[in-house]
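Okay, structure first, notes after.
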Amino acid sequence: MTKAAARLANTDNQITTIDFSLASRWINFAQVSASSVQAYEKGIKRLAEYFSAANITAPTRADLISYRDYLGRKYQPTTANLYLTTAKLFLGFLHVEGFISVNPAEHLKGFKISSNHKKAALSVEQTKAVIKNFDADKLQGIRDKAIYALMTACGLRCVEVQRANISDLYKVGDVYRLQVQGKGHTQKDSAVNVPAGVVKLINAYLSARGVVEVDAPLFASLSNRNFGGRLTTYSISRIIKTALRKSNLDSPRLTAHSLRHSAATVALKNGATLREVQQLLRHVNIAVTTIYLHELDALQNQASNLAASAFGF
């Protein structure tokens with residue numbers, strides 16, 4: 001955490017020196033998750049760096065508007081909003097605690113984020129092409145193929161794959177289920193159905209991997225530093241990105257998260273109801289799932305082809 005300090009003016013025109021180390025007190029007060037702590041620390045660091053570089057000693061609302069504009073130029077809207085929200089919450093905390101008499105960032109508007117997905121889905125043909133490129137003669141290839149199939153069929157996020165243990169995969173009657181700890185969740189409070197074909201690939205990997213404890217990670221690292229340990233989300237993301245590149249699908253819009261979009265889009269296209277896809281993706285609000293329906297409609301829109309045909313293009 002940076003120790004840069006800012007001098008914040010109150011309404012009595014008195015100057016109170018506030019050290020950014022007070023951010024630690026705010027974060028402890030907020031009682032947020034470990035991942036949120038890291039995000040807030042980054043946000044505070046950006047704010048302190050901006051104040052220092054701009055030689056701001058008594059930030060005004062105009063200064064915070066300039067900071068917002070700076071974030072908009074430098075970062076994507078999601079990241080910019082995160083840093084802006086951090087500034088608003090931190091300065092709000094200082095105001096409530098009596099360190100400053102006004103919050104210069106109060107009611108500051110953030111950036112509009114498109115409801116459309118930033119990552120593209122893979123077609124059925126592309127998905128099949130990728131699955132053929134895993135090396136079935138090596139443990140790494142067997143593992144990576146199982147990860148790819150699980151994420152593609154079940155719409156799992158990297159963090160959900162990373163958190164899964166062997167014991168989380170179980171059978172209810174004829175249906176295999178996987179307990180899932182979703183993004184932002186502190187426990188494995190939901191589950192997805194895992195198709196038999198995907199279970200077969202997972203079992204092939206577990207068999208090749210050898211005997212391990214049931215509470216071991218479902219997918220383990222093969223690196224020298226962490227052999228047998230839990231994969232990182234970065235490693236899982238890299239595994240998928242490497243597989244996509246091997247199939248000549250090298251695009252910034254195609255990542256591990258594309259597999260989640262693929263699961264939803266292909267399921268809808270092949271007859272799944274919106275409610276079924278909502279349950280698959282574990283969306284609390286079905287309006288979020290509806291985005292996939294809109295994107296599928298747009299993908300199947302023939303208006304431009306009809307216009308081009310009429311114009312003779």
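The structure places CG of Leu244 at 6.0 Å from CG of Leu122, a figure rounded to the nearest 0.5 Å. Atoms OH and CG, from Tyr50 and Leu64 in turn, are 9.0 Å apart once rounded to the nearest 0.5 Å. Here Met151 contributes atom CE and Cys158 contributes atom SG; the two are 4.0 Å apart, rounded to the nearest 0.5 Å. Interatomic distance, CD1 of Ile65 versus OG1 of Thr60, reported as 8.0 Å (0.5 Å rounding). Between the OG1 atom of Thr127 and the CG atom of Leu259 there is a distance of 7.5 Å, given to the nearest 0.5 Å.
Taking the six-membered ring where tryptophan is involved, the planes of Phe90 and Phe93 are essentially parallel, since the angle between them stays under 30° and well short of 60°.
Checked by atom type and distance alone, the side chain of Arg61 pairs as donor or acceptor with a backbone atom of Glu106 at under 3.5 Å. Between the side chain of Arg230 and the backbone N or O of Gln162, at least one donor-acceptor pair lies under 3.5 Å. Not a single donor-acceptor pair under 3.5 Å links the side chain of Asp168 to the backbone N or O of Ala164. Using a distance-only test at 3.5 Å, with no hydrogens or angles considered, no donor-acceptor pair links the side chain of Lys145 to the main chain of Asn133. Side-chain atoms of Thr86 come within 3.5 Å of backbone N or O of Leu82 as a donor-acceptor pair. For the pair Lys188 (side chain) and Arg163 (backbone), a donor-acceptor distance under 3.5 Å is present.
For the residue pair Ser66 and Asp63, no side-chain donor N or O sits within less than 3.5 Å of a side-chain acceptor on the partner.
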Arg143 vs Leu222, test: side chain to side chain contact (heavy atoms under 4.5 Å, CB included). Steps then yes/no. CA-CA 10 Å; Arg143 179 199 66 185; Leu222 297 174; 3.6 Å; yes
Can Thr232 and Ser235 be said to form a side-chain hydrogen bond (donor to acceptor under 3.5 Å, both in side chains), step by step? CA-CA 5 Å; Thr232 64; Ser235 294; 2.9 Å; yes
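Using a 4.5 Å heavy-atom threshold, the side chains of Leu150 and Leu178 count as touching. In this structure, the side chains of Arg260 and Leu156 stay at 4.5 Å or more apart for every pair of heavy atoms.
The heavy-atom pair separating Ala105 from Leu91 by the smallest distance is CB-CD1, 3.9 Å. When all heavy atoms of Gly155 and Leu281 are compared, the closest pair comes out as O-CD2, 4.1 Å. The heavy-atom pair separating Val284 from Gln278 by the smallest distance is O-NE2, 3.5 Å.
Note on Val198 and Tyr148: same hydrophobic cluster, where clusters join Ile, Leu, Val, Met, Phe, Trp and Tyr whose side-chain heavy atoms are under 4.5 Å apart, directly or indirectly. No chain of hydrophobic side-chain contacts below 4.5 Å, direct or via other Ile, Leu, Val, Met, Phe, Trp or Tyr residues, connects Leu280 to Val159.
Tyr75 and Tyr83 have their aromatic ring centers within a separation under 6.0 angstrom.
Among residues two or more places apart in sequence or in another chain, the salt bridge (charged side-chain N to carboxylate O under 4.0 Å, His left out) test is passed with Arg46 by Glu49.
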Can you give the donor-acceptor pairs under 3.5 Å from side chains of residues 207-216 to other protein atoms, not counting sequence neighbours?
residue: Arg209; atom: NH1; partner: Tyr205; partner atom: OH; Å: 3.2
residue: Arg209; atom: NH1; partner: Pro217; partner atom: O; Å: 3.0
residue: Arg209; atom: NH1; partner: Leu218; partner atom: O; Å: 2.8
residue: Arg209; atom: NH2; partner: Pro217; partner atom: O; Å: 2.8

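Residues in residues 271-290 take part in these salt bridge (charged side-chain N to carboxylate O under 4.0 Å, His left out) pairs, two or more places apart or across chains: Glu160-Arg282.
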